[in-house]
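Notes for the one structure printed next.
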Amino acid sequence: MPELPEVETTVRGLRPVLEGQTLTSVEPRRADLRFAFPADLRQRLTGARVTGLGRRAKYGLIATDRGDTMIFHLGMSGRWRLDPSDIGKHDHLLLETGEGRRLSLNDPRRFGSVDLFPTEKLVDYPAFVAMGPEPLGPEFTPAYLARALEGRTAPIKALLLDQRVVAGLGNIYVCEALHMAGISPTRAGGRIATKRLEALVPAIRAVLEAAIEAGGSTLRDYARPDGELGYFAKQWRVYGREGEPCLCGQTVKRRVDSGRSTFFCARCQR
DNA sequence: CAGATCCTGTCT
DNA sequence: AGACAGGATCTG
């Protein structure tokens with residue numbers, strides 16, 4: 001679920017439900033996820049009106065007229081459920097709006113998080129301070145990336161997963177973008193030819209945009225009562241395809257680096 | 001840098 | 001029983 005495109009489609013799905021609405025009920029059902037909820041979460045949000053929704057990297061942002069922004073992260077297994085018909089043990093935070101819509105933050109693995117921070121100081125939110133540019137934003141250019149990777153000996157895959165280099169990429173889209181750009185995941189970041197770097201930036205954009213577009217089509221399901229945000233169609237070229245043929249005919253390989261699977265084609269990627 | 005860690009669920 | 005999972009952060 002939650003890399004940048006999934007968070008983006010989640011925010012887009014939440015927007016029509018929450019924007020302009022008063023939060024009539026805010027009910028944490030446990031004290032923490034990855035870290036503690038703000039102790040006064042309920043008090044600070046109940047009665048507040050949602051003024052807007054946004055996203056920074058993989059974080060969703062829900063701004064209110066109280067000067068606070070609720071910052072949520074979906075971790076590995078988080079999702080928002082809309083008008084759930086039942087509340088289970090993994091529904092950790094319940095919201096209700098003035099219109100009577102109900103939302104539940106469901107997260108079995110509890111790697112997600114919920115926090116509050118002053119809206120005007122959002123750039124100072126600890127997780128945002130050292131973050132790199134948005135991969136879909138104007139700052140993310142081949143020139144920027146060349147500079148960020150200059151002299152780096154770490155594998156390009158690890159560097160693209162580093163949110164300080166570029167913020168929002170996860171395991172799936174890094175594998176896909178590297179395949180699209182023809183770059184080996186193990187190549188040292190500082191040793192990528194300019195021409196390949198110039199292919200990598202648009203590849204990252206294209207992969208994310210396609211996923212957002214595909215995710216958008218699940219919004220219909222999302223908006224359905226008791227619906228859930230589904231996975232977008234698995235149109236991946238290498239991710240999860242170990243042993244299957246690449247488009248070139250070569251078999252897709254999997255390797256494990258720092259405990260994470262990398263899928264790649266040794267013929268297409270150098 | 002790699003590795004462990006936080007959790008639960010699912011699939012071999 | 002063991003491997004593995006879309007993340008982030010801390011420790012050697």
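Quick caveat: nothing in here was measured; it's all calculated off a predicted structure. In what follows, every chain begins at residue 1, and chains take the letters A, B, ... in the order their sequences are listed.
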Please pick, from [options], the nucleotide with the shortest atom-to-atom distance to any side-chain atom of [X].
X	options	value
A:P2	B:dC7, C:dG6, C:dA8	C:dG6
A:Y239	B:dC7, C:dA5, C:dT9	C:dA5
A:A154	C:dA5, B:dG9, B:dC1	B:dC1
A:S258	C:dG6, C:dA8, B:dA2	B:dA2

- Message: By nearest heavy atom, map A:Q163 and A:R109 onto DNA chain C; which one lands nearer the 5' end?
- Response: A:R109

- Assign each of A:R254 and A:R260 the nucleotide of DNA chain C bearing its closest heavy atom; nearer the 5' end lies the nucleotide of A:R254

Using atom [atom1] of [X] as one end and atom [atom2] of [N] as the other, report the distance to the nearest whole Å.
X	N	atom1	atom2	answer
A:D257	B:dG3	CG	P	10 Å
A:L169	C:dG7	CG	P	10 Å
A:F35	C:dG7	CZ	P	17 Å
A:F263	C:dC4	CZ	P	10 Å
A:R79	C:dA5	CZ	P	20 Å
A:R34	C:dC10	CZ	C1'	9 Å
A:D115	C:dT9	CG	P	12 Å
A:Y173	C:dG7	OH	C1'	14 Å

Looking at [N], I'd like to know if its phosphate oxygens (OP1 or OP2) sit under 4.0 Å from a side-chain N or O belonging to [X].
X	N	answer
A:K58	C:dG6	no
A:R110	B:dT8	yes
A:K157	B:dA2	no
A:S77	C:dA5	no
A:H90	B:dG9	yes

- Side-chain contact test, heavy atoms from C-beta onward, threshold under 4.5 Å: evaluate it for A:K157 versus A:N171 and give yes or no. yes

- Task: Under 4.0 Å between any heavy atoms, over every strand shown, what does A:S113 touch: base, sugar-phosphate, or nothing? Just pick one.
- Result: nothing

- Message: For the P atoms, the ones on B:dA4 and on C:dA3, what distance do you get once it is rounded to whole angstrom?
- Response: 13 Å

- Query: Would A:F72 and A:W80 count as a close aromatic pair, with their ring centres under 6.0 Å?
  - Reply: yes

- List the atom of A:L169, the atom of A:K58, and the distance in Å for their closest heavy-atom pair. O-NZ, 2.9 Å

- May A:F111 be described as stacking on the base of C:dG7, applying a 5.5 Å centroid limit and a 30° limit on plane angle? yes

- Paired with B:dC7 by Watson-Crick or G-U wobble geometry, both distances under 3.5 Å: which nucleotide is it? none

- Message: My understanding is that a pair needs two contacts under 3.5 Å, Watson-Crick or G-U wobble. By that rule, which nucleotide pairs with C:dG6?
- Response: none

- Is there a donor-acceptor pair closer than 3.5 Å between any side-chain N or O of A:E176 and the backbone N or O of A:Y239? yes

- Quick one: do A:R164 and A:D162 make a salt bridge, cutoff under 4.0 Å? yes

- Item | Exercise: do A:S113 and A:R34 side chains pair donor with acceptor under 3.5 Å | no

